[in-house]
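Heads up: the structure comes next, in structure tokens.
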Amino acid sequence: QVQLEESGGGLVQPGGSLRLSCAASGTFFSINAMGWYRQGPGKERELVATITGGGSTNYADSVKGRFTISRDNAKNTAYLQMNSLKPEDTAVYYCNLDATLVGWATRNYWGQGTQVTVSS
């Protein structure tokens with residue numbers, strides 16, 4: 001089955017940086033879009049950033065200017081560069097994949113989540 005492997009989370013001080021990675025593997029025809037979502041303590045999951053197969057990006061207002069999403073199409077991998085981290089960025093970050101399968105169906109997949117903690 002299609003799987004998403006996330007990595008790069010950890011504990012950082014305010015103002016620090018982290019880079020998250022999400023590698024897609026399995027059987028699918030193409031990637032329509034990849035994105036990052038997060039869920040903080042006691043909060044609902046929210047969109048952080050997305051990137052389409054054509055390279056168009058979209059960011060939540062709370063992370064604009066600080067976070068950058070990118071893709072390596074050859075590796076089917078998405079990245080989230082997070083700079084100037086704030087305590088309110090603390091959350092479990094989830095990778096999301098929208099893919100077209102070999103049979104031409106479209107499906108949405110979630111990674112297992114990686115913890116990002118910003119604290120002094």
Side-chain angles (χ1 to χ4, degrees):
Q1 296 184 10
V2 175
Q3 291 183 298
L4 301 176
E5 183 66 29
E6 301 182 27
S7 62
L11 173 64
V12 296
Q13 294 184 343
S17 298
L18 283 175
R19 191 191 195 201
L20 306 183
S21 298
C22 176
S25 62
T27 303
F28 54 87
F29 182 76
S30 63
I31 293 174
N32 303 319
M34 298 187 74
W36 292 94
Y37 295 72
R38 67 186 182 187
Q39 186 168 16
K43 299 180 179 179
E44 295 185 347
R45 190 173 299 184
E46 64 177 352
L47 181 146
V48 177
T50 60
I51 184 167
T52 69
S56 298
T57 58
N58 186 37
Y59 297 92
D61 289 340
S62 60
V63 306
K64 285 183 178 178
R66 299 189 298 120
F67 291 10
T68 302
I69 188 171
S70 61
R71 263 183 62 183
D72 185 333
N73 292 332
K75 297 181 179 180
N76 292 327
T77 300
Y79 305 93
L80 185 68
Q81 179 66 46
M82 304 184 293
N83 299 324
S84 302
L85 284 163
K86 305 174 181 179
E88 49 263 45
D89 295 319
T90 295
V92 177
Y93 284 71
Y94 296 92
C95 179
N96 178 265
L97 166 69
D98 187 73
T100 297
L101 305 183
V102 175
W104 217 252
T106 58
R107 292 291 298 274
N108 197 260
Y109 301 91
W110 291 96
Q112 79 281 4
T114 184
Q115 178 70 47
V116 172
T117 302
V118 185
S119 177
S120 59

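Computed over heavy atoms, backbone and side chain alike; hydrogens, waters and symmetry mates excluded. Bear in mind that the values here come from a model prediction, so they are computed numbers and not experimental data.
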Original post:
For Glu88, does the CD atom have more than 12 heavy-atom neighbours from other residues, nucleotides or ligands under 6.0 Å away?
Top reply: yes

Quick one: closest heavy-atom pair of [X] and [Y], and the distance?
{"X": "Trp110", "Y": "Leu4", "result": "C-CD1, 3.7 Å"}
{"X": "Pro14", "Y": "Ser120", "result": "CD-N, 3.7 Å"}
{"X": "Asp61", "Y": "Lys64", "result": "OD1-NZ, 3.3 Å"}
{"X": "Cys95", "Y": "Glu6", "result": "N-OE2, 2.7 Å"}
{"X": "Arg71", "Y": "Gly53", "result": "NH1-CA, 3.1 Å"}

When you group the ILVMFWY residues by side-chain heavy-atom contacts below 4.5 Å and let the links chain together, are [Y] and [X] in the same group?
{"X": "Ile69", "Y": "Val63", "answer": "yes"}
{"X": "Tyr94", "Y": "Val48", "answer": "no"}
{"X": "Tyr109", "Y": "Ile31", "answer": "yes"}

Original post:
Checking side-chain contact (heavy atoms from CB on, under 4.5 Å) for the pair Ser62/Arg38: CA distance, chi angles, key distance, verdict?
Top reply: CA-CA 12 Å; Ser62 60; Arg38 67 186 182 187; 3.4 Å; yes

Subject >> Min side-chain heavy-atom separation Asp72-Tyr79 under 4.5 Å >> reply: yes

Original post:
When you look at Arg66 and Met82, which way does the side-chain contact (heavy atoms from CB on, under 4.5 Å) test go after all the steps?
Top reply: CA-CA 6 Å; Arg66 299 189 298 120; Met82 304 184 293; over 6 Å; no

Original post:
Considering the options Asn108, Leu97, Thr27, which one meets the side-chain contact (heavy atoms from CB on, under 4.5 Å) requirement together with Val2?
Top reply: Leu97

Spacing of [atom1] belonging to [X] relative to [atom2] belonging to [Y], to within rounding of 0.5 Å:
{"X": "Leu85", "Y": "Phe67", "atom1": "CG", "atom2": "CZ", "value": "5.0 Å"}
{"X": "Phe28", "Y": "Leu101", "atom1": "CZ", "atom2": "CG", "value": "9.5 Å"}
{"X": "Asp98", "Y": "Thr50", "atom1": "CG", "atom2": "OG1", "value": "10.5 Å"}
{"X": "Asn58", "Y": "Thr52", "atom1": "CG", "atom2": "OG1", "value": "10.0 Å"}
{"X": "Gln81", "Y": "Leu20", "atom1": "CD", "atom2": "CG", "value": "9.0 Å"}
{"X": "Ile51", "Y": "Asn73", "atom1": "CD1", "atom2": "CG", "value": "7.5 Å"}

Original post:
If only atom types and distance count, is the side chain of Thr90 paired as donor or acceptor with the main-chain N or O of Val118 below 3.5 Å?
Top reply: yes

**OP:** Report yes or no: does Tyr59 contribute a side-chain atom to a donor-acceptor pair with the main-chain N or O of Gly65 at less than 3.5 Å?
**Re:** no

Original post:
Between Asp89 and Lys86, does at least one N-O distance fall below 4.0 Å, as a salt bridge requires?
Top reply: no

**OP:** Please check if any side-chain donor atom of Ser7 sits under 3.5 Å from a side-chain acceptor atom of Glu5, or the reverse.
**Re:** no

**OP:** Taking atom types as modelled, find out whether Thr100 and Asn32 have a side-chain donor-acceptor pair closer than 3.5 angstrom.
**Re:** yes

